[in-house]
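Convention: sequence-line order gives letters A, B, ...; per-chain numbering from 1. Worth saying up front: this structure is predicted, and the values here are computed from it rather than measured.
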4 protein chains.
Amino acid sequence: MTIDEDCKRGTPRRKAERPTEILHAAFEEFVLTGYAATRLEDVAARAGVTKGTIYFHFQNKENVFNQMVRELSKPMHQRTQQFLDENQHCGIEFLSSYLDFSYAEVLEDRHAREILRLLIAEATRFPDLVDEHFQYVLHPVFMRLQQTLADGVRDCRIRNTPAATCPDLLLSPMLALNVFLLVFADRKPIDPKKHLEAAKDLILYGLLPRKA
Amino acid sequence: MTIDEDCKRGTPRRKAERPTEILHAAFEEFVLTGYAATRLEDVAARAGVTKGTIYFHFQNKENVFNQMVRELSKPMHQRTQQFLDENQHCGIEFLSSYLDFSYAEVLEDRHAREILRLLIAEATRFPDLVDEHFQYVLHPVFMRLQQTLADGVRDCRIRNTPAATCPDLLLSPMLALNVFLLVFADRKPIDPKKHLEAAKDLILYGLLPRKA
Amino acid sequence: MTIDEDCKRGTPRRKAERPTEILHAAFEEFVLTGYAATRLEDVAARAGVTKGTIYFHFQNKENVFNQMVRELSKPMHQRTQQFLDENQHCGIEFLSSYLDFSYAEVLEDRHAREILRLLIAEATRFPDLVDEHFQYVLHPVFMRLQQTLADGVRDCRIRNTPAATCPDLLLSPMLALNVFLLVFADRKPIDPKKHLEAAKDLILYGLLPRKA
Amino acid sequence: MTIDEDCKRGTPRRKAERPTEILHAAFEEFVLTGYAATRLEDVAARAGVTKGTIYFHFQNKENVFNQMVRELSKPMHQRTQQFLDENQHCGIEFLSSYLDFSYAEVLEDRHAREILRLLIAEATRFPDLVDEHFQYVLHPVFMRLQQTLADGVRDCRIRNTPAATCPDLLLSPMLALNVFLLVFADRKPIDPKKHLEAAKDLILYGLLPRKA
DNA sequence: TATGAATGAGCTTTCATTCAT
DNA sequence: GATGAATGAAAGCTCATTCAT
């Protein structure tokens with residue numbers, strides 16, 4: 001009976017998850033060969049359906065890519081939002097927390113890592129995706145970092161210096177680590193924990209005033 | 001007379017330069033749409049020749065891409081080598097010089113900038129190119145930075161700290177700037193000079209001992 | 001009613017027969033111009049489909065040729081096998097029967113005739129097809145002819161002579177007729193029945209002992 | 001000096017032979033892959049010249065094929081003519097001589113053998129070549145064989161029988177041997193001498209009257 | 001004579017997309 | 001919902017042919 005029930009529920013539940021399964025299959029294929037070289041037929045095969053099924057759920061290939069990026073970015077968006085929410089009003093300690101957080105994102109979420117690569121590669125073809133990513137992930141973080149730096153300078157907890165007006169620098173090590181991992185991992189082994197430690201060391205020490 | 005001579009040499013010189021012209025046309029097209037989506041016919045049109053001509057000079061599309069990256073990377077390779085040669089034995093001033101140099105590369109050489117993007121995007125399909133790039137550009141720089149940091153620590157001119165063992169950090173701002181310029185330039189205007197100034201400030205201040 | 005039923009079944013049946021239809025169209029085109037000069041587009045047009053459809057059912061042009069030869073040879077294989085089965089243990093009368101049979105094959109089955117030409121023409125490119133043809137058609141016949149000749153010699157119904165050890169000679173007139181028909185038919189009209197009669201006359205008379 | 005002279009004579013002599021060299025190179029390539037699949041570039045490379053040179057000596061690819069068949073057939077034409085001339089008025093011994101001659105042609109002249117294959121393969125595309133071949137090689141032989149058989153029957157040295165009116169049969173073994181050698185040589189080793197002996201045995205015995 | 005560069009038509013093959021079932 | 005057959009536009013690549021030198 002339980003089995004029967006499972007079966008009965010099983011099929012519709014699976015059906016409801018079809019689109020998601022297709023998007024995950026699409027992710028793997030797009031990561032493997034990039035947008036243009038990916039064949040919808042391979043996506044279908046990986047998802048265990050046929051090409052026609054994809055067109056039942058999505059309008060076309062572009063739409064699959066768009067939906068895929070949105071679907072696979074969602075957790076990252078949510079975690080980022082949650083991180084920002086949970087770390088309001090914590091002063092310059094936010095800088096250290098953010099470095100921890102951003103490194104964890106890159107290191108522990110393959111989706112996040114590879115989607116950045118896809119966005120870099122296909123930025124020209126999918127400007128709207130880039131916009132979305134910027135709007136939902138980067139911009140809020142930038143704003144908060146900028147605010148944190150400004151507050152720190154005002155409180156004299158951070159040096160009044162060019163670096164304090166450039167929140168980009170706080171993203172740089174993570175971005176670079178990502179590129180290193182994606183592109184040069186085979187030639188140049190990287191120890192991400194040491195990388196993070198060094199980045200925190202450099203950035204925090206570099207921002208704090210001498211007497212701090 | 002000079003004009004006549006130029007004219008006379010003109011045609012053969014053009015013929016000899018055809019492959020290079022094609023590679024430059026290929027660069028523009030590959031940058032525009034990526035490897036897979038680029039049509040060799042468009043490359044030909046841009047170079048002012050026909051498809052057949054491309055296949056007279058190159059074996060196939062992959063070969064065009066490979067040769068293109070090599071050709072367009074050559075100046076960058078040479079400048080990098082020259083920079084390393086001219087800045088031997090200059091102590092920790094090398095760090096500052098390198099930041100200046102690397103930022104100049106990214107900002108002033110569109111080829112260097114876009115080829116990095118192409119390498120990131122097509123790393124899976126062209127692992128050999130990534131190897132070459134690493135070997136000729138990144139690896140020598142890494143080695144020198146590492147040495148410089150180690151020397152600086154020994155001389156007590158640089159703090160003995162995790163950051164001093166991670167030359168990656170010295171590349172990070174330039175890499176990140178590159179990504180920002182390539183991907184987010186439209187949404188987030190960047191002032192590269194301020195960026196450089198801030199990076200130098202942060203890195204140098206962060207590495208030097210307090211009493212130095 | 002029967003017509004209606006036929007009509008209703010018509011469409012799916014046609015779909016199931018598509019590959020076969022394509023192979024028959026391919027036969028005509030390959031016969032007309034040979035393998036290399038045949039355009040798959042013409043094959044498609046003749047079959048009433050588009051180029052893409054061919055690639056849905058077959059891997060590539062070579063595969064179309066291979067399958068075509070197999071498909072169109074099948075009847076010949078079967079008739080040959082059937083002939084061998086039905087003519088066991090019939091002594092040297094088998095020789096005469098076989099001449100009748102082989103001439104009928106060549107004369108009445110245009111497929112058999114032209115496929116021989118294609119195999120001759122494309123033997124270098126399709127060695128496997130030649131192997132198959134040899135294995136399924138020629139070899140069994142050879143074996144039986146050889147056995148028949150040997151038995152005949154032992155029974156003194158056939159002369160003990162070099163010709164009795166060379167079954168090739170029993171195939172020769174048919175092969176030659178085929179070549180004449182394929183190549184020289186326009187210049188040299190041939191009466192196949194007279195040809196067969198003469199061949200039987202020559203071969204049988206040449207093999208039988210004088211007092212037989 | 002001698003060297004100089006050799007050089008001086010050498011070049012023009014070679015130049016005069018260029019077209020012939022090209023035709024021999026063409027033969028090898030056409031034999032290898034057939035007319036349509038042969039690239040003039042490969043012909044040129046084999047002849048040690050460039051594509052352009054071929055077009056200096058020949059109008060186009062078809063012309064190369066035509067000239068090649070003519071050039072490479074010439075010796076066969078001449079030997080055939082010579083054979084016919086030298087064997088006039090020799091009665092039915094001519095039959096035996098002709099079998100010897102035709103087998104020798106096939107076995108000892110690879111050109112003759114392969115050109116037959118090319119004619120079979122490309123008969124549709126080059127009807128004029130087939131005509132020429134028929135006119136210069138086959139027809140004269142046919143006529144003579146027919147005459148010889150008729151004379152033999154009149155003289156009662158040959159049976160008055162259907163086989164005596166079908167000179168095709170006298171060509172059959174040689175034609176079949178050719179096909180066997182060209183197509184099935186790898187699968188079915190053939191002893192040409194035994195084949196010839198058997199053919200002569202069968203044909204002559206089959207044609208001669210019993211009391212002869 | 002001979003060459004090498006260039007052409008352009010044409011071919012095989014791919015694949016996003018459609019649609020009857 | 002899902003499928004498989006079919007399409008057709010387009011892309012990579014080939015190669016006979018031309019021609020300035």
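- Residues B:Val183 and A:His133 form no side-chain contact, since every pair of their non-hydrogen atoms from C-beta on lies 4.5 Å or further apart.
- Evaluation of the salt bridge (Lys or Arg N to Asp or Glu O under 4.0 Å) test over residues 25-40 of chain C, restricted to residues two or more places apart or in two chains, returns C:Glu28-C:Arg110, C:Glu29-C:Arg46, C:Arg39-C:Glu41, C:Arg39-C:Asp42.
- Remark: C1' of E:dT12 and CZ of C:Phe65 are 17 Å apart, rounded to the nearest angstrom.
- Listed for the C:Tyr35 side chain is no donor-acceptor partner under 3.5 Å among the backbone atoms of D:Ala37.
- Put simply, B:His57 has no side-chain N or O that comes within less than 4.0 Å of OP1 or OP2 on E:dG4.
- Residues D:Val43 and D:Ile54 form a side-chain contact, since some pair of their non-hydrogen atoms from C-beta on lies under 4.5 Å apart.
- Scanning both residues, D:Arg113 and D:Leu182, for their nearest heavy atoms gives O-CD1, 3.7 Å.
- With a 4.5 Å cut-off on side-chain heavy atoms, D:Phe65 and D:Leu118 count as touching.
- The CZ-P distance, from A:Phe58 to F:dA2, rounds to 11 Å in whole Å.
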Legend entry - Under the 3.5 Å Watson-Crick or G-U criterion, the dot-bracket string of DNA chain F, with | for inter-strand pairs: .||||||||||||||||||||

Inset, instruction - Produce a footprint string for nucleotides 7-13 of chain F: one letter per nucleotide, 5' end first; B if the base is under 4.0 Å from any protein heavy atom, S if only the sugar-phosphate is, - if neither. - result: BB-BSBB

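- As rounded to whole Å, 15 Å separates atom C1' of F:dA5 from atom CD of C:Glu17.
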Inset, instruction - Please test A:Leu40 against A:Tyr55 for side chain to side chain contact (heavy atoms under 4.5 Å, CB included), starting from the C-alpha separation and ending with a verdict. - result: CA-CA 10 Å; A:Leu40 245 24; A:Tyr55 280 88; 3.5 Å; yes

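- C:Asn66 has its side chain out of reach of C:Phe58: every pair of non-hydrogen atoms, C-beta onward, lies at least 4.5 Å apart.
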